[in-house]
Amino acid sequence: MTATANARTTNRYEPAEIESRWQARWDELGMHRTDLDDGSRPRYYVLTMYDYPSGDLHIGHWFVKVPTDVISRHRRMQGYNVFFPVGFDAFGLPAENAAIRSGVQPREWTLRNVEKMRRQLRTMGATWDWDAEVITCEPEYYRWNQWFFLRFLENDLAYRQMAPVDWCPNDGVLAREQVEGADRVCWRCGARVTKRDLEQWFFRTTKYADELLDHSSIEWPEPIVVMQRNWIGRSEGAEITFAVAPDDSQPGGDEITVFTTRPDTLFGATFMVLAPEHPLVDRLTHASQLQAVESYRQEARRKSEIDRLSTDRDKSGVALGAHAINPINGERIPIWIADYVLVGYGTGAIMAVPAHDERDFEFARWAGLPVRRVVARRGEELEAAMSEAYAAHSNDEVLVNSGDFSGYSANDGGRRITAELERRGLGRPAVTYRLRDWLISRQRPWGTPIPVIYCQADPSCGIVPVPDEELPVRLPDTFDYAAGGSNPLVHDAQFVNAPCPRCGGAGRRETDTMDTFVDSSWYWWRYLSPGLTSAPLDRQRADAWCPVDQYTGGAEHAVMHLLYSRWFTKALNDMGLVSEREPFKRLFNQGQILGADGERMSKSRGNVQDPDELVARYGADTVRLFLMFMGPWDQGGPWSDTGIDGVHRFLRRAWTVVLDPHGREPGDAEGDRMAAGVSVNEAADDLRRQAHRTLQKVTEDHANFRWNTMIAALMELTNRLMRLRGTEVAQRSEYDEAARLLVLMLAPLAPHIAEELWSRRLAAAGEEWRSVHSEGWPEYRPELVAADQMELPIQVNGRLRDTVSVPAGLSEIELEQIVLSRDKVRAYLVDAEVARIVHVPGRLVNLVTRPRA
RNA sequence: GGGCGAGUGGUGGAACGGUAGACACGCCAGCCUUAGGAGCUGGUGCCGCGUGAGCGGCGUGUCGGUUCGAAUCCGACCUCGCCCACCA
């Protein structure tokens, strides 16, 4: 059977028939299998964020994937060896929710959905290499999560620590970035989040904080770079050590270190504030304040973040009754605790400078503490009482009330104060980050088991890593959710009981599993060798293909997946496992398609648009094209299928002008006649020019992912061909060339119809079949793009007044003569004279006039 | 409160500082059809004048500025969206 033999069964455009036929044919030929070891062509790795197999693939999925497929197809035509894999992010909560609701085990539910999504994804006609597929919930995959964990443990990049964590009543422990909004709610279920103390596993993301701030070697959208920068939140300043003064409750001498970005204001520190959870609070609290302090701490502990942050922002706190010594001037200042100081940031303690910090000012006003101004503009009146903190920063500020440092500029004074403290061993320049280490522990069964065993027999064994050769630590086949709690693994004796690898005595397995963002932090390497059993990745292939050339996906992953992946890459690089330090060279964030109601698409809202219906009605090519034609790729917006008919019509017209150039519509009496006054030669020349211009435009738009204008240009070309159909021009080679280029340009966008049109053209010409998708991308001829005649707009004082057709390449003087001889122009020169003529070559002429003297 | 982005016809959207509204949807008219949710051709920013070819005015959230010329650059403001939010 040849493809062409049964291609000519009909002359009508029937997408369903064409699409299934060509998809089968491409599969049969293995056209999208990438030879990863082929080094004869330049390589190009195209990656789109893999999906969670929720089972409800919607039009939003297509909105990312279709253009990514177009990129892959276009690169192939350009001669690249393209790798475009697909996989599933298969661990995670929805599977557990389904299990609890319906009794279907997470694994079964997930794999069933994977199967369904594979089917749906195949209708798109994308060039995925399904041989490279990765499913993260399979032991062959998560085994390597465990392997990486053990390497991190060896390299001090993983550690266990008691930590206050965000706790969701439904989902257990959450990462900081999984807590959303001012209400502090769970990103998954929307429940209010509270704090709890638990022993947790962390990855040391902060080790690479500085390098993660450097995006100079990658081309990422600026908003993502900014978000990551803010998330990492580097602040420069100083650490300053205050000594505690002795009193009748304690001997003094304890040191309290604070972090400040404003060491210049040290003379203005009139009190100190510790976070309620600060470890020194117990030791320092004066006997008379014990009760007040204890009740404040309990209250702060009980209060959820929402109460602390948004209900009322009024300051609250309690004095410890102890005092500290300001290291710069020996002054005794009171020590307070207050919940506006966070235990997790900086040192969990601050020096309060109410005159120059809004929060401190508010607190001082509430507590009746003194405010002392130490920074002022040169010559500014200082006596007036302050009504708000003066936190501004400008160049003409000087220190005041600051002893020997008075008179120095704020910046210079700050440096001098820090230097003086450093000399005395009481301070030093310091940098602090908002970024915290990555909390990976999850109290859930449907994730990668953390491969450690707690030895019960011999306390000296402690936490024992599972040896590499015992990996993977497998999940049980079924979970018993009836056992209670969020994590059935805890009650699964077969899973939990394991001998200590060190002493052989009784031991308990860790029952926490890893955050699913661990899975997604390295999956692109696995695609290159999904079946490899000796290592997580094939180093040679990774070196050949990575970093990923083009990554596409949603901006919602700006500070999670996209940051963790960068961290993983740097960590693996330092451990000698990969050669690159950044995972994704170029990133593009497409916009998000919302439901017709303007809300995020979700099953529960009932606003999910299923692509299957549209594909059944219009065909995949129309749906592909429509998604790209709607608007700029980075924009998104509420879903509406208004306009899809126009795109479908376009494909039908393309079909007609390519396959039936000499036909004509019965309703068009003039159809076979040329427009008045245009010769066949001129029309043919114009057509050729337009075809090459379109090719130029389309080629440029590919470089910028500007699908909508690309398609508009193809529509214009098609409309032109339609007008010339049935005329003498349709018999000319120019028409044939334009039609041929149209099919080639259509190929990446609407692959099925392009393949069909191509095969019919080849058959008609008696040529042997070859796929349009293995043709080279055509190149436009610059000499054919230039016009020899142009419509020149004429402006008078910047307003359009006339246009005139002129030969291209006239000199300014020649143009001037033509312009000034125009009747319409002369009408404007009755009461005015020309002051100046602005020539914009190839664009327009603008006459600037002034009233006649 | 802070950061980022966006405001253009009835609709989706075009427009290196240079003819605003490409290309579509929708609508109107004509044609072709037994029929059509099919197809072809033409028209369509708003207002005014003209029988007509056409002519004029107004127009890119608001107000200013820069420029021969601004949807585009700058400043202030309004509205919407996203991100962050007591981060010292």
Side-chain angles (χ1 to χ4, degrees), chain A residues 12 177 180-182 184 221-227 229-231 233 235 237 258-262 265 273 308-310 313 315 338-342 344-353 356-360 362-363 432-435 555-556 558-559 591-592 594 598 626 629-632 634-638 640-647 649-650 652-653 656 664-671 706 708-716 719 722-723 725-726 791-803 824 835-849:
Chain A
R12 291 187 43 200
E177 48 274 31
E180 289 184 334
R184 306 282 300 168
E222 194 55 25
I224 299 288
V225 171
V226 170
M227 272 190 250
R229 218 182 275 143
N230 292 342
W231 189 259
S235 304
V258 303
F259 174 77
T260 178
T261 54
R262 295 290 306 272
T265 64
V273 184
R308 281 175 69 161
L309 295 184
S310 63
R313 293 170 66 121
K315 292 287 184 280
D339 60 13
Y340 82 92
V341 174
L342 310 175
Y345 182 77
T347 61
I350 63 160
M351 64 179 210
V353 185
H356 304 292
D357 181 279
E358 269 177 54
R359 296 150 303 183
D360 296 346
E362 247 181 78
F363 189 84
T432 289
Y433 303 90
R434 283 187 35 181
L435 183 73
E556 66 272 20
V559 290
Q592 196 171 36
L594 305 171
F626 176 60
F629 185 62
M630 280 187 333
D634 59 1
Q635 241 166 65
S640 155
D641 62 9
T642 303
I644 193 169
D645 288 314
V647 169
R649 230 170 265 160
F650 159 59
R652 278 208 299 254
R653 287 159 70 84
T656 304
R664 98 177 219 232
E665 299 309 308
D668 183 12
E670 313 279 311
R706 298 176 42 108
N708 56 333
T709 53
M710 175 188 304
I711 292 165
L714 292 173
M715 286 175 167
E716 286 183 84
N719 290 345
M722 185 59 95
R723 260 172 250 125
R725 190 168 81 108
E791 285 294 310
L792 180 76
I794 302 170
Q795 293 184 337
V796 178
N797 296 321
R799 301 185 59 105
L800 181 71
R801 294 302 180 186
D802 196 10
T803 56
K824 283 186 189 162
R836 184 180 155 194
I837 300 180
V838 180
H839 288 271
V840 186
R843 302 277 346 187
L844 52 66
V845 170
N846 183 20
L847 303 182
V848 184
T849 67

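In the text below, chain A, chain B and the rest are named by the order of the sequence lines, each starting its count at 1.
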**Asked** With a non-hydrogen cut-off below 4.0 angstrom, is A:Ser235 in contact with a base, only sugar-phosphate, or nothing?
**Response** sugar-phosphate
Nucleotide N/O of nucleotides 55-60 of chain B paired with protein N/O under 3.5 Å:
unit_1 : atom_1 : unit_2   : atom_2 : d
B:C55  : OP1    : A:Lys824 : NZ     : 2.8
B:G57  : OP2    : A:Arg801 : NH1    : 3.3
B:C58  : OP2    : A:Arg799 : NH2    : 3.2

Can you check nucleotides 45-50 of chain B for protein contacts, nitrogen or oxygen pairs under 3.5 Å, and list what you find?
none

**Request:** For nucleotides B:G17 and B:A71, find the distance between their P atoms and express it as a whole number of Å.
**Result:** 13 Å
**Request:** Round to a whole Å and report the spacing from CD of A:Glu222 to C1' of B:A6.
**Result:** 17 Å
**Message:** What is the separation between atom CZ on A:Arg836 and atom C1' on B:C68, rounded to the nearest whole Å?
**Reply:** 5 Å
**Contact check, side chains of A:Thr260 and A:Val353, non-hydrogen atoms, under 4.5 Å** = no
**Message:** I want to check something: taking the side chain as every heavy atom from C-beta on, are A:Phe629 and A:Met715 in contact at a cut-off of under 4.5 Å?
**Reply:** yes
**Message:** Using a 4.0 Å heavy-atom cut-off, does A:Asp360 contact any base of the nucleic acid, only the sugar-phosphate backbone, or nothing at all?
**Reply:** nothing
**Prompt:** Taking atom P in both B:U44 and B:A24, what distance in whole Å separates the two?
**Reply:** 15 Å
**Request:** To the nearest 0.5 angstrom, please state how far the CD1 atom of A:Ile794 sits from the OG1 atom of A:Thr803.
**Result:** 7.0 Å
**Request:** Pick the C1' atom in B:G7 and in B:G21, then give their distance to the nearest Å.
**Result:** 16 Å
**Message:** Is A:Arg649 close enough to B:C25 that one of its side-chain N or O atoms is under 4.0 Å from OP1 or OP2 there?
**Reply:** yes
**Request:** Please check the phosphate of B:A88 (OP1 and OP2 only) for any side-chain N or O of A:Arg434 closer than 4.0 Å.
**Result:** no
**Item:** Close side-chain approach of A:Met351 to A:Thr265, heavy-atom, < 4.5 Å
**Value:** yes
**Interatomic distance at P, B:C73 relative to B:C84, whole Å** = 27 Å
**Fill in**
Comparing A:Val848 with A:Thr261, nearest RNA chain B nucleotide closer to 5' gives the residue A:Val848
**Request:** Rounded to whole angstrom, note down the P distance from B:G36 over to B:A29.
**Result:** 15 Å
**Asked** Considering residues at least two apart in sequence or located in another chain, which fulfil the side-chain contact (heavy atoms from CB on, under 4.5 Å) criterion with A:Ser235?
**Response** A:Phe259, A:Thr261, A:Tyr345
Taking only nitrogen or oxygen atoms into account, show me every contact under 3.5 Å that the protein makes with nucleotides 12-20 of chain B, one pair per line with its distance.
unit_1 : atom_1 : unit_2   : atom_2 : d
B:G12  : O2'    : A:Met630 : O      : 2.7
B:G13  : O3'    : A:Asn708 : ND2    : 3.4
B:A14  : OP1    : A:Asn708 : ND2    : 3.0
B:A14  : O5'    : A:Asn708 : ND2    : 3.4
B:A15  : OP1    : A:Arg706 : NH2    : 2.1
B:G18  : O2'    : A:Arg843 : NE     : 3.2
B:G18  : N2     : A:Gln795 : OE1    : 3.4
B:G18  : N2     : A:Asn846 : ND2    : 3.4

**Fill in**
Between CZ of A:Phe363 and P of B:C86 the distance, given in whole Å, is 16 Å
**Asked** Does A:Asn719 have a side-chain nitrogen or oxygen under 4.0 Å from the phosphate oxygens OP1 or OP2 of B:A24?
**Response** yes
**Request:** Under the salt bridge (Lys or Arg N to Asp or Glu O under 4.0 Å) rule, collect the residues that match up with A:Arg653, sequence neighbours excluded.
**Result:** none
**Request:** Both distances under 3.5 Å, Watson-Crick or G-U wobble: on that basis, could you give the dot-bracket string for RNA chain B, with [ ] for crossing pairs and | for other-strand partners?
**Result:** (((((((..(((.....[....)))((((((.......))))))(((((....)))))..(((((..]....))))))))))))....
**Prompt:** Got A:Val840 and A:Asn846 here, is their nearest side-chain heavy-atom distance under 4.5 Å?
**Reply:** no
**Asked** Roughly how many Å is it from OH in A:Tyr345 to P in B:C84, rounded to a whole number?
**Response** 17 Å
**Prompt:** Just checking A:Arg229: base, sugar-phosphate only, or nothing, at a heavy-atom cut-off of under 4.0 Å?
**Reply:** nothing
**Request:** Select from A:Thr260 and A:Arg653 the residue whose nearest nucleotide in RNA chain B is closer to the 5' end of that strand.
**Result:** A:Arg653
**Prompt:** If we take the C1' atom in both B:C4 and B:A85, what is their distance in whole Å?
**Reply:** 14 Å
**Prompt:** Within the pair A:Arg262 and B:A88, is there a side-chain N or O less than 4.0 Å away from OP1 or OP2?
**Reply:** no
**Message:** Measuring from the side chain of A:Val226 (C-beta onward, heavy atoms only), which nucleotide among B:C68, B:G3, B:G39 has the closest atom?
**Reply:** B:G3
**Request:** Pick the C1' atom in B:A76 and in B:C25, then give their distance to the nearest Å.
**Result:** 38 Å
**Request:** Using the C1' atoms only, state how far B:G18 lies from B:A70, rounded to an integer number of Å.
**Result:** 10 Å
